[in-house]
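Okay, so here's the structure we're looking at.
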Amino acid sequence: MEKHRVQKLEQLKSYGVTPYVNTFKIPFSSKEIKEKYSDSDKNELLNAKYRFSIAGRVMSIREFGKAAFITIKDRTGDFQVYLKKGEISEEEYKVFKATDTGDFIGTSGFLFKTKTGELTLFAESYKILTKSLRDLPEKWHGLKDVEKRYRQRYTDLIVNEHVKDIFVTRSAVIKRIREFFNKRDFLEVETPMMQPIAGGATAKPFVTHHNALDMKLYLRIAPELYLKRLVIGGLEKVYEINRNFRNEGVSTRHNPEFTMIEWYMAYADYHDMMSLTEELINDVSANVLGKTTIEYNNETISLKRPWPRLTLEEAIEKYAHIDRKKLSDFESAKQTAQENSIKIDESWGKGKIVLEIFEELVEEKLIQPTFIIDYPKEVSPLSKSKADDPETTERFELFIAGFEMANGFNELNDPIDQKERFEKQVLAKDAGDEEAHLMDKDFLRALEYGLPPTAGEGLGIDRLIMLLTNSKSIREVILFPHMRPEDDYDE
RNA sequence: GAGCCGUUAGCUCAGUAGGUAGAGCAGCUGCCUUUUAAGCAGCGGGUCGUAGGUUCGAUCCCUACACGGCUCACCA
């Protein structure tokens, strides 16, 4: 706390004025008032004396002698208040003198225009609604310290306008996504965040414990297996927007908890899903940003449809200039990886090696939206195989700006095949692969009742927001990104 | 988990080839009744991230640790 502020707090109390007012009614936001009167004639305003009450946080005070201009800020923007000794009571003037930037004030008066034509409220009454006991960051440079910005997001939001814009955009994007799916007759559902078996993805889960039931629970790594149970139950078209938790490293693209939308659609296939994805991202960008060409990290990205659909091998051939014949069998794939200094593990099969080559040599080059299709079965334990090629699955991933944005596939609905794949995962788990799937017997039972032909997809909301707000780090689009605790802070 | 970089006033940043620190904004005191980075004059403010070490003396050099950023690894 700042001494001079505490002194002013004491002063206010000595006047018999509370520094924390219970309520103050403001019928209109600053923006609403501006929209209505900004174009009004100066003299007309003076004659009409439109009276309003407004409130907000004091961002700056420009004082001279017996008058002052105060800029306050509410959620819709800034508004200027003019205050003149003699036009408010002596006591109110004393309250004004005890005002610091950062305080919330409430004031009533009439509208007028200054010499420079700025719509301003001429104060006839004045109150401090909430006294602020901490100094705001500096007014020109704002708050730059990244650590403080994330830890004290409230401060960041007060002084860095762009930060607020990102989260306004985030909210609008999610709202539009909901509308997109609702319009198409999808049902929004919520499935367990705490799961006895963390399935639906390959990732290390967080573990917790339920005391009363004395059982281990995992924070979910994906909602996938529950959503498919719902399709089995006849819901046919479902989606869920919620958090997933993965106990892995943090980076500019990874936060331990992140938001995904997953949706499932019976009687659709993965090509339908790709088309829907093109439509979704175009719709969201057009409606939220008003455009479908966006700048990201000094690249211009066009969302114009259709987006290329390349198989893994085609992409490697095109972007890494490696003949796909060199990927056709295990030995040549292994040799190709070694020729390109890509480290491979002894346990990997051909599919995993080809995927690794793709990730090392191609992924970052996929700046324009591109679907990579037909992934090896080896790395796709929940996807359906192609009818004419059982080692390849009908699966795609979407890449934009060099990173993975979405992952979708035709859902494996053969319970016997699924059981075999789970068994392989269990073997891998026993061999030390912490990310391998566990056997989920209830899910197999559900599949035995019959899952209609279904395609499903997951799309990373945070990454989509990064793309649409030109944010280089995922922390810029998450209000409270994960941080180590502060060991101490100044009082 | 590894490497590199950073941490100085409320904020943004300088700085000391080792002699306990400065600027602007913010704050305080004056003057100023239409300013908007208001202006003018003056004043106060720092265990220089933490703990050790070297040294007559450390904010500066060394070591460890903490937190953060970036890159890599893991991954979405």
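Note: hydrogens, waters and symmetry copies are ignored here, and every other heavy atom, side chains too, is used. Reminder, nothing fancy here: chain letters follow the sequence lines and each chain counts from 1.
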Review point. Between F399(A) and F358(A), does the ring centre distance come in under 6.0 Å?
Key: yes
Exercise for review: For this output row, return yes or no: ring centroids of F409(A) and Y270(A) closer than 6.0 angstrom.
Suggested key: no
What interatomic distance, in whole Å, is found between [atom1] of [M] and the corresponding atom of [N]?
| N | M | atom1 | answer |
| --- | --- | --- | --- |
| rA38(B) | rG49(B) | C1' | 38 Å |
| rA9(B) | rC65(B) | P | 25 Å |
| rU59(B) | rU54(B) | P | 15 Å |

Check your understanding: Looking only at atom types and distance, does a side-chain atom of N160(A) sit under 3.5 Å from a main-chain N or O of V163(A), one as donor and one as acceptor?
Key -> no
Practice item. Kindly state whether the pair F64(A) / rA38(B) counts as stacked, where counting means centroids closer than 5.5 Å and planes tilted less than 30° apart. Key: no
Which part of the nucleic acid, if any, lies within contact of [X], taking any heavy atom under 4.0 Å across all strands shown: a base, the sugar-phosphate backbone alone, or nothing?
| X | answer |
| --- | --- |
| D462(A) | nothing |
| F112(A) | base |
| K8(A) | sugar-phosphate |
| T101(A) | nothing |

[N] OP1/OP2 closer than 4.0 Å to side-chain N/O of [X]:
| X | N | answer |
| --- | --- | --- |
| R5(A) | rG27(B) | no |
| T202(A) | rA76(B) | yes |
| R484(A) | rA66(B) | no |

Practice item. State whether the distance check finds a donor on one side and an acceptor on the other, under 3.5 Å, for side chain E147(A) versus base rU7(B). Key: no
Point to revise | Under 3.5 Å donor-acceptor pair, K144(A) side-chain atoms to rU12(B) base atoms | key: no
Review point. Charged N to carboxylate O below 4.0 Å: is that the case for E476(A) and K472(A)?
Key: no
Practice item. Could you tell me whether D462(A) and R253(A) make a salt bridge, using a distance below 4.0 angstrom between a side-chain N and a carboxylate O? Key: no
Practice item. Identify, between K115(A) and A406(A), the residue whose nearest nucleotide on RNA chain B lies closer to the 5' end. Key: K115(A)
Revision key, fill the gap. Taking for I61(A) and for K148(A) the nucleotide of RNA chain B with the nearest heavy atom, the one nearer the 5' end belongs to K148(A)
Revision key, fill the gap. Considering only heavy side-chain atoms of H4(A), the closest of rC28(B), rU12(B), rA38(B) is rC28(B)
